[in-house]
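To find a chain, count down the sequence lines: A is the first, B the second, and so on, and within it residues start at 1. Because the structure is a prediction, the values reported are computed rather than measured.
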Amino acid sequence: MNNEVRVRIAPSPSGYLHVGTARMAVCNWLFARHNQGKFILRIEDTDIARSDPQMVSIILESLKWLGLDWDEGPYYQSQRMEFYKKYAQILLERNKAYYCYCTPETLKRKREEAAAKKINWVYDRTCLKLSEQEKAELERKNTPKAVRIFIPEGKTSFYDIVYKELKKENKELDDFVILRSDFRPTYNFACVVDDLEMRISHVIRGNDHIANTFKQVLLYRALGAEMPSFAHLPLNLAMDRQKISKRKGAVAITDYRDAGFLPEVMVNFLAISGWSPKDEREIMTREELIQSFSLEGVSQANPIFDMQKLEWMNGEYIRAYDNEKLLDLIIPFLFKENLITEDMAKKKREWLLKYIQLFKERAKTLKEFAEKGKYLFTFDYQYEPKAVSKTFNSIEVADRLNKFAERISSLDDFKKEKIEDALRKLAEELKIEPAQLIHAVRLATTGVSGGPPLFDILELLGKEEVIKRIQKAVEFIQTR
RNA sequence: GUCCCCAUCGUCUAGUCCGGUCCAGGACACCGCCCUUUCACGGCGGUAACACGAGUUCAAAUCUCGUUGGGGACGCCA
């Protein structure tokens, strides 16, 4: 099984699961599932200072939430140090790498000097030119040393599934460090060693890694190893065409979860951002995505992350969702807003299902259920100022509301049809448009001017509550 | 400063490999109409793009070159 598809997602635990990383995870996962391959999770935590174990659990949680199950791992680079040492040793023995005794301070100074003169800096190979005597002397003094790869002359090229043939002159590259003076590997080296050891068949990652890939190809060559296939995917950008960052809105996948987006929407949306199935489909099930996904269909230009389209898609999914399942997803949001108690969640399930049905066509996110329908859960709602001046514009309105309250108090069966009958009849008697009364009642009982059909709302509120609310409004109008 | 990549409606894209079927198709957003007590949903319709300039060709969104614009990378970060 040498041609088994094995892909990986390799987040670094220096932050939450970024949407960009999540998109890469989605593409890798879809590619693995499409080809009946393996999806491997590897945590790139060689930078101890910037790695946080707590972040690891958030990343795992985020991947699970998205439903991107992995077949192997998580592997931790911090626990694989012997591999990196072993491979570095091989390169050293074959003279493909050499020790560098330069201090980071010296290198930084040289780099800055070069920048000041506006010249391109590559490592000047100071330590490659060291004589045996000089080396012995440095060794005797126990000078810290890093390991650098030796970049040969020539050019390096590789075939990218998305970008086709990519090449670069080796002189543009420098002898980069592969092992730090404390023996920890650098990113490019650890990445190659692990991809090799894990028998990764396809490296699918962001196009910001193209420059790294040249270095990695050189590493594979130096090791005499066979290379995986590469596919660099375009990067999602924020609306201003810059990289998505915290300042520009939600970056962590958990932020989207907390804002009320469905995991299947995130997967669907992330999948079709930068990739298209080539037909007119956009909303696709997980199975359809797996079935149609291919790296050949990935575009080369960086797509902008379109929040409005994400919201639209979330709304589409919500509308298509089964009410029972939807309710279970919404309940946590109701808790968070303190709209219901555990007890109510159990006992008022039927009522909550009706409420869900009413707001289903109006919500773009799960969170909106808790926001738009808030007035159903609390008596402590405010009247929209604009609607007040438009609808509660005379004392007459208070009289009409009182009359309506009287009418409904005599209703035995507080069902929407009956309520509607009562209201229309009253409007006729008062010689006003039913709409006029409807708007007044809506504002009185909900505090807002729009929303689901009024009679459904009233039925849901119940007779006593509606009457109480009308009284509240009447008092409000009278004291204006 | 050096290098790499990209370029179709405001946004995501189809078409580009294998030039003619494209006075460029779909979706989001926007606008209008219908439905309607409202807000939505839904239905119908509309505005809107081949970055620019050369070249090749009977014919170019599609091929070539240049310009411009955008993105990315240049660490003992990942």
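Within 3.5 Å, no donor on the side chain of A:K309 pairs with an acceptor on the base of B:rA29, nor the reverse. Interface remark: the A:D45 side chain does not form any donor-acceptor pair with the B:rA78 base, using a distance-only criterion of under 3.5 Å.
In this structure A:R42 satisfies the salt bridge (Lys or Arg N to Asp or Glu O under 4.0 Å) test together with A:E44, A:D194, A:D195, sequence neighbours excluded. Partners of A:D421 by salt bridge (Lys or Arg N to Asp or Glu O under 4.0 Å), not counting sequence neighbours: none found. In this structure A:D208 satisfies the salt bridge (Lys or Arg N to Asp or Glu O under 4.0 Å) test with no other residue, sequence neighbours excluded. Residues satisfying the side-chain contact (heavy atoms from CB on, under 4.5 Å) criterion with A:A222, sequence neighbours excluded, are A:L91, A:K96, A:I149. Every residue was checked against the salt bridge (Lys or Arg N to Asp or Glu O under 4.0 Å) condition with A:E371, not counting sequence neighbours, and none meets it.
Legend: ring-ring contact (aromatic ring centres under 6.0 Å, His included) pairs involving residues 163-184 of chain A, not counting sequence neighbours: none detected.
Under the Watson-Crick or G-U wobble criterion, with both distances below 3.5 Å, B:rC39 is left unpaired in every strand shown. Across all strands shown, B:rC44 pairs with B:rG32; the Watson-Crick or G-U wobble distances both stay below 3.5 Å.
In this structure, A:E384 atom CD and B:rU38 atom P are separated by 15 Å, rounded to whole Å. The distance between atom CZ of A:F455 and atom P of B:rU38, rounded to the nearest whole Å, is 12 Å. Taking atom CZ of A:R442 as the reference point, atom P of B:rC39 lies 9 Å away to the nearest angstrom. Atom-to-atom, CG of A:L237 to P of B:rA73 comes out at 11 Å; the value is rounded to the nearest Å.
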Identify every side-chain donor-acceptor pair in residues 432-443 of chain A under 3.5 Å, counting partners at least two apart or on other chains, and give the distances.
from: A:H439; atom 1: ND1; to: A:A435; atom 2: O; distance (Å): 3.2
from: A:R442; atom 1: NH1; to: A:P452; atom 2: O; distance (Å): 3.0
from: A:R442; atom 1: NH2; to: A:P452; atom 2: O; distance (Å): 3.0

Got a list of protein N/O to nucleotides 62-64 of chain B N/O distances below 3.5 Å?
none

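Checked for salt-bridge contact, A:K416 and A:E420 miss the test: no charged N lies under 4.0 Å from a carboxylate O. Electrostatic pairing of A:K372 and A:E368 counts as a salt bridge here, judged by a charged N lying under 4.0 Å from a carboxylate O.
Toward the 5' end of RNA chain B, the nearer of the two residues A:E420 and A:A211, judged by each one's closest nucleotide, is A:E420.
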B/S/- along nucleotides 40-50 of chain B (protein heavy atoms under 4.0 Å) is BSS--------
Heavy-atom protein contacts under 4.0 Å, nucleotides 1-6 of chain B, coded B base, S sugar-phosphate only, - none:
BSSSSS
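Aromatic rings of A:H209 and A:F214 (six-membered ring for Trp) have centroids beyond the 6.0 Å cut-off, not under it. The aromatic ring centres of A:Y383 and A:F476 sit less than 6.0 Å apart.
For the contact set between residues 144-152 of chain A and RNA chain B, defined by any heavy atom under 4.0 Å, the members are A:A146, A:R148. Less than 4.0 Å separates RNA chain B from at least one heavy atom of each of the following residues of residues 175-192 of chain A: A:V177, A:R180, A:S181, A:T186, A:Y187.
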